[in-house]
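I have placed the structure first, in the form of structure tokens, so that the comments after it can refer back to it.
For clarity, every value in this text was computed on a predicted model and none was experimentally measured. Letters go in sequence order (proteins before strands), and every chain restarts at 1.
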There are 2 protein chains.
Amino acid sequence: MVDVNSKDAASRSLETIQRQSSGDPAKPPRWDIIELLFFAYRDFVGDPDDVLDQFGFGRAHHRVVHFVHRYPGLKVADLLDVLRITKQSLGRVLKQLLDEGYIVQKSGEADRRQRLLFATAKGEALVAQLAGLQTDRINRALKDFTPVEVEAIGRFLSAMIDRNDPDKVLQVILSQASAKTDGRTNKT
Amino acid sequence: MVDVNSKDAASRSLETIQRQSSGDPAKPPRWDIIELLFFAYRDFVGDPDDVLDQFGFGRAHHRVVHFVHRYPGLKVADLLDVLRITKQSLGRVLKQLLDEGYIVQKSGEADRRQRLLFATAKGEALVAQLAGLQTDRINRALKDFTPVEVEAIGRFLSAMIDRNDPDKVLQVILSQASAKTDGRTNKT
DNA sequence: GAATTTACGTCAACCATATTGACATATCTT
DNA sequence: AAGATATGTCAATATGGTTGACGTAAATTC
């Protein structure tokens, strides 16, 4: 069992630490958000795992096929920026997805060195299935929230993301997110 | 570059998929939340990485020492529930943290088979430093939010977590989260 | 009190996913 | 023609996860 004197010991050490690290007791750690994020993400990414298993895939494959599906014509270099892994690491799982027909490559027209990536119907179906599971969880969670609250949640997640990031895909996502926010803000 | 006909192709294939998988066009995937969560969590857990590197540790060590610090007297079995890994996998990183003095074990008084885990001062300092980085990001993100909005964000994260989970630590966290919510709700 | 179950540890093999470093090829840019 | 860029590939290595088997001590049950 979790020791119920947790609160006791935790808060005692907390005070000590505050002074040690920053000397600013006005900025206590956000334990609540830190831990809620951990568990929320754990369960969120856990949903697709069983399905992926059936396909003989892992989370790496999910990430790749997801972003390729969502941003058709994505370059390999873009994908590396998004996933923040090396090309060698990407290579392995990308090759599997290509070999098994979830993704296809086309040479860029303007720059024929580029390999533009596209999801096949097979790839789209897989992404849709996985996104369906995650969407169900999200819809369940948002069931009793007002549109204004939902907007605030999106704005928070968006604000948690690094801005100084030359990631093309991220730019699209953030501009879409702020477009929605602007719309709502005007209405208010 | 991300192909700018993304929107085009993505929405075309989307309609197709909706009908395929569920036949319910009223439940489009929540692409926005799905992707915001991915990027937010990527950057959120990315903060501690550099510090951990300096200590010769990885994210696995972070998770272990974090929960031990936060819930002093945590049993090994509890930790396994929280982290959802096997004892063999936990064993490796736990042994390192014990050997290097970030964590200590005590036998349970009531049940002497149990090894209750406690963070040392060294362990607490590490957790505090890492939590400081993540707290900075959270505070930055929440800077312009109203208390009501912040409460909604916590409620959302909480609602994203599986309920049917006999995890003791999680029960504490969720009860704390709902306690806060209740307080605010009464005030409203 | 003996048998069984529980909590934990450990050995060993293996797998997925990541890394660094070196090098190759085709293509674009200068 | 020279150099830079986009991608692919070979090889070695690290981290963190898995399954399976087995051991020990302590609690529980019969």
Is it the case that the base of D:dG20 and the side chain of B:Gln88 share a donor-acceptor contact (distance under 3.5 Å, atom types as modelled)? yes
From C-beta outward on B:Gln105, which listed nucleotide comes closest to its side chain: C:dA18, C:dT20, C:dG9? C:dG9
Quick check for you: among D:dA26, C:dC23, C:dG21, whose closest atom lies nearest to any side-chain atom of B:Arg112? D:dA26
Relative to the ring of B:Phe44, is the ring of B:Tyr41 parallel (under 30°), tilted (30 to 60°) or perpendicular (over 60°)? tilted
Taking atom P of C:dT27 as reference, at what distance in whole Å does atom CZ of A:Arg115 sit? 8 Å
In Å and rounded to the nearest 0.5 Å, what is the CZ to CG distance from A:Arg84 to B:Asp49? 10.0 Å
On DNA chain C, more 5' by nearest nucleotide between A:Ala60 and B:Ala77 is B:Ala77
Give the rounded distance in Å between these two atoms: NZ of A:Lys106 and P of D:dT7. 16 Å
On the ring face of A:Phe38, is B:Arg63 found with NZ or CZ under 6.0 Å from the centre and within 45° of the axis? no
Roughly, in whole Å, what's the span from NE2 in B:His62 to P in D:dT15? 18 Å
Tell me which of A:Gly58 and B:Leu94 sits closer to the 5' end of DNA chain C, going by the nucleotide each one is nearest to. B:Leu94
Atom CG of B:Leu79 to atom P of C:dG9: distance rounded to whole Å? 11 Å
Look at the side-chain N and O atoms of B:Thr86 and state whether any lies under 4.0 Å from the OP1 or OP2 oxygen of D:dG17. no
Looking at D:dG16, I'd like to know if its phosphate oxygens (OP1 or OP2) sit under 4.0 Å from a side-chain N or O belonging to B:Ser89. no
Closest approach to the side chain of B:Arg92, judged atom by atom: which nucleotide of C:dA18, D:dT7, D:dG16 is it? D:dG16
Quick one: is C:dA18 close enough that its OP1 or OP2 comes under 4.0 Å of any side-chain N or O from A:Arg63? yes
With a non-hydrogen cut-off below 4.0 angstrom, is B:Gly91 in contact with a base, only sugar-phosphate, or nothing? nothing
Of the nucleotides D:dA26, D:dT9, D:dT18, which one has an atom closest to the side chain of B:Arg113? D:dA26
Rounded to whole Å, how long is the line connecting atom CG of A:Leu80 with atom P of C:dT20? 13 Å
Can you tell me how far C1' of C:dT17 sits from CG of A:Asp53, to the nearest Å? 15 Å
Expressed in angstrom and rounded to an integer, what is the separation of B:Leu90 atom CG from C:dC8 atom P? 10 Å
Taking A:Arg42 first and then B:Asp162, would you say they form a salt bridge - that is, a charged N and a carboxylate O separated by under 4.0 Å? no
When rounded to whole Å, the NZ to P distance for the pair B:Lys87 and D:dG17 reads 17 Å
In terms of side-chain heavy atoms of A:Asp111, which of D:dG8, C:dC28, D:dA11 is nearest? C:dC28
Where is the tightest heavy-atom contact between B:Val169 and B:Tyr71, given as atom of each residue plus distance? CG1-CE1, 3.7 Å
Please work out which of the three classes, parallel, tilted or perpendicular, describes the rings of A:Phe55 and A:Tyr102, given edges at 30° and 60°. perpendicular
What nucleotide among C:dT19, C:dC23, C:dT10 has an atom nearest to a side-chain atom of B:Lys95? C:dT10
